[in-house]
Amino acid sequence: MTIRLYDTSARQIRDFDPITPGCVSIYLCGATVQAAPHIGHIRSGLNFDIMRRWFEYRGYAVTFIRNVTDIDDKIIAKAAAQGRPWWSIGYENERAFNDGYHALGCLPPTYEPRATGHVTEMVEMMRGLIERGHAYEADGNVYFDVRSFPEYLRLSNQELDNLLQPSGEGETGKRDPRDFAMWKSAKPGEPTWETPWGRGRPGWHLECSAMAHKYLGSEFDIHGGGLDLIFPHHENEIAQAKAFGDAFARYWVHNAWVTMSGEKMSKSLGNSVLVSEMVKHWRPIVLRYYLGTPHYRSMIEYSEEALREAESAFARIEGFVQRVVEKAGGVVEPAAEVPPAFAEAMDDDLGVPQALAVVHTTVRQGNSALAADDKEAAVARLAEVRAMLGVLGLDPLDAHWAGEGGDRGETVLNKSVHGVVDSLVGLVLQQRESARARKDWATADAIRDQLNQSGLVIEDSPDGPRWTLGPR
């Protein structure tokens, strides 16, 4: 068994060779909490949640770090515009991100450090870089000298002579316009911290280099994030960390975007779809299926139609699970191992689409067993399906999706409403069965069609007709 991952720095799929056998360390660039998350933000956390689950299934002990950038230009600007403290903006949106991760079934990280809690580590790293000749102070700012680091831009495969380095307001005193800020000098009304070079605040890139070093050491296995972070963020992280003396990340893994009309989903373009709004209209488990089942390196073009297709596809899986549970007369535990074809797909750069095809094939086999009244085979297929869905975080029988930890009053209400509907539909189905018994097929079909128009799907089984909610 060998897990293989596409390494952005090598531009190829590589066998995963951990630093410590049986262990894997992952650093994921998390949220910049200047606004509530859209589904593009949450996709990254979800993709790496599936990675983490697969490593754990394969027997690895996983240390998973996902940081929070709680200080940055946009947070400060928003706080000034709204007349609020900068930290209240950050904390409000940090909670919104965590609500989104939880709603879509992401496991909590091992640690989730905030940038503002690690200024001491940033100062230590800057001091070391200045001493080694890789950084310098100017006008209260501290810059990284990109010409001092020959490996600069290898990740993004750019030429230094053609580089346009993004710069922020007040970045004065640079020796070279391509140098980037690690620390920004104090400005009126902005939060500041004391340093040997005067008061100021962190630059975006420094925080991740410092936090990765603190929580994962001088070398770790996997650094992850969205494609948009390759440059400048990840490129600058590498420069800082390696110039400081760290070996840093062995593998660089990047997920693709969620797009709308071919453009990356972003707040600045006004084309974002907030998670908090999406979960009002779509079941969170369906959103997870929609965002998590394409390959992590494939773009997802957002559309209502695509979401409805995902809803229908998951409904077929969920319907099979419900039917077998009813047939078995109780919960069927997941199998100890996933089918070999599923494992092969997941080992090959987390091939979720191929793995999902195995899920659907197994569901079809299980449905055939149900149709043949082969309870033993149906139960065996469900055990395999549950094992596979568990790896993907999509098992509808998992406690997370069964309402535990949610609003228990709402759960009780839903069960009560379901009972009432079940009784009413049962009466209608009795009328349909009576029509079928007297071979009044027109009436029986008319009753079924009316129920379908009401959003119910009627299935005839050896144990009699049963109903489920159909896709919208």
Side-chain angles (χ1 to χ4, degrees), residues 1-30 44-45 47-68 106-113 115 118 121-122 124-125 128-129 132 134 149-157 205-227 229-230 233-255 296-297 343-344 346-351 391:
M1 179 279 297
T2 302
I3 295 176
R4 306 176 72 231
L5 296 171
Y6 184 85
D7 180 5
T8 305
S9 61
R11 294 171 183 80
Q12 64 180 357
I13 293 177
R14 298 172 55 204
D15 289 351
F16 177 69
D17 181 23
I19 297 167
T20 303
C23 298
V24 56
S25 47
I26 305 171
Y27 186 93
L28 174 64
C29 283
S44 180
N47 287 154
F48 284 90
D49 180 67
I50 293 173
M51 173 192 282
R52 174 210 190 147
R53 288 170 183 264
W54 184 243
F55 272 117
E56 289 180 343
Y57 172 82
R58 280 305 198 190
Y60 286 88
V62 179
T63 301
F64 181 53
I65 310 299
R66 186 182 67 210
N67 79 295
V68 176
C106 295
L107 300 173
T110 309
Y111 304 108
E112 192 168 27
H118 297 81
E121 289 82 1
M122 297 181 208
E124 290 175 357
M125 184 166 280
L129 289 169
R132 292 170 173 82
H134 292 291
F149 185 67
E151 296 180 31
Y152 191 58
L153 301 179
R154 285 190 183 178
L155 181 69
S156 56
N157 198 27
H205 318 297
L206 178 64
E207 61 184 61
C208 284
S209 298
M211 287 188 285
H213 179 90
K214 178 178 177 66
Y215 291 93
L216 298 177
S218 62
E219 184 179 20
F220 56 96
D221 293 306
I222 298 169
H223 196 310
L227 282 173
L229 298 181
I230 293 175
H233 188 49
H234 289 166
E235 198 72 77
N236 293 352
E237 278 188 61
I238 292 170
Q240 293 165 155
K242 290 194 170 184
F244 183 69
D246 289 354
F248 212 48
R250 280 195 173 189
Y251 298 82
W252 286 85
V253 179
H254 293 92
N255 65 278
Y296 74 91
R297 290 194 285 120
E344 183 180 353
M346 292 298 291
D347 281 341
D348 188 11
D349 195 29
L350 304 175
V391 167

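Quick caveat, the model's predicted, so the values are computed rather than measured. All values below come from the heavy atoms of this structure, side chains included, with hydrogens, waters and symmetry mates left out. Each residue takes its place number in the sequence, starting with 1.
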Within the 4.5 Å heavy-atom criterion, are [X] and [Y] side-chain neighbours or not?
| X | Y | result |
| --- | --- | --- |
| Asn67 | His118 | no |
| Arg58 | Phe16 | no |
| Tyr6 | Arg11 | yes |
| Pro113 | Lys214 | no |
| Met122 | Glu207 | yes |
| Ile238 | Arg154 | no |

Where do Glu237 and His233 land on the side-chain contact (heavy atoms from CB on, under 4.5 Å) test, with the steps shown first?
CA-CA 6 Å; Glu237 278 188 61; His233 188 49; 3.1 Å; yes
Parallel, tilted or perpendicular: ring planes of [X] versus [Y], cut at 30 and 60 degrees:
| X | Y | result |
| --- | --- | --- |
| His134 | Phe149 | perpendicular |
| His213 | Phe244 | perpendicular |
| Phe55 | Tyr60 | perpendicular |
| His223 | Tyr27 | tilted |
| Trp252 | Phe248 | tilted |

With [X], which residues qualify under side-chain hydrogen bond (donor to acceptor under 3.5 Å, both in side chains), at least two apart?
| X | result |
| --- | --- |
| Asn255 | Ser44 |
| Arg297 | Asp349 |
| Glu219 | Arg250 |

Report the distance from atom [atom1] of [X] to atom [atom2] of [Y], rounding to the nearest 0.5 Å.
| X | Y | atom1 | atom2 | value |
| --- | --- | --- | --- | --- |
| Ile230 | Leu153 | CD1 | CG | 12.5 Å |
| Met125 | Gln240 | CE | CD | 7.0 Å |
| Phe64 | Leu28 | CZ | CG | 4.5 Å |
| Ile13 | Asp348 | CD1 | CG | 5.5 Å |
| Thr63 | Ile222 | OG1 | CD1 | 11.5 Å |

Of all heavy-atom pairs between [X] and [Y], which one has the smallest distance, and what is that distance?
| X | Y | value |
| --- | --- | --- |
| Phe220 | Ala212 | CE2-CB, 3.8 Å |
| Glu235 | Ser156 | OE1-OG, 2.5 Å |
| Pro18 | Cys23 | CB-O, 3.3 Å |
| Ala241 | Ser209 | N-OG, 4.2 Å |
| Ile50 | Met346 | CG2-CE, 3.9 Å |
| Arg52 | Pro109 | NH1-CA, 3.9 Å |

Does the Asp221 side chain pair with the main chain of Ile26, one donor and one acceptor, at a distance under 3.5 Å?
no
N/O donor-acceptor pair under 3.5 Å between Ser218 side chain and Ala247 backbone
no
Is the Lys NZ or Arg CZ of Arg14 less than 6.0 Å from the centre of Tyr251's six-membered ring, within 45° of the axis?
yes
I would like to know whether Val62 and Thr110 meet side-chain contact (heavy atoms from CB on, under 4.5 Å); could you show each step before the answer?
CA-CA 8 Å; Val62 179; Thr110 309; 5.7 Å; no
Between His234 and Thr8, is a side-chain contact (heavy atoms from CB on, under 4.5 Å) present by the stated rule, with each step listed?
CA-CA 11 Å; His234 289 166; Thr8 305; over 6 Å; no
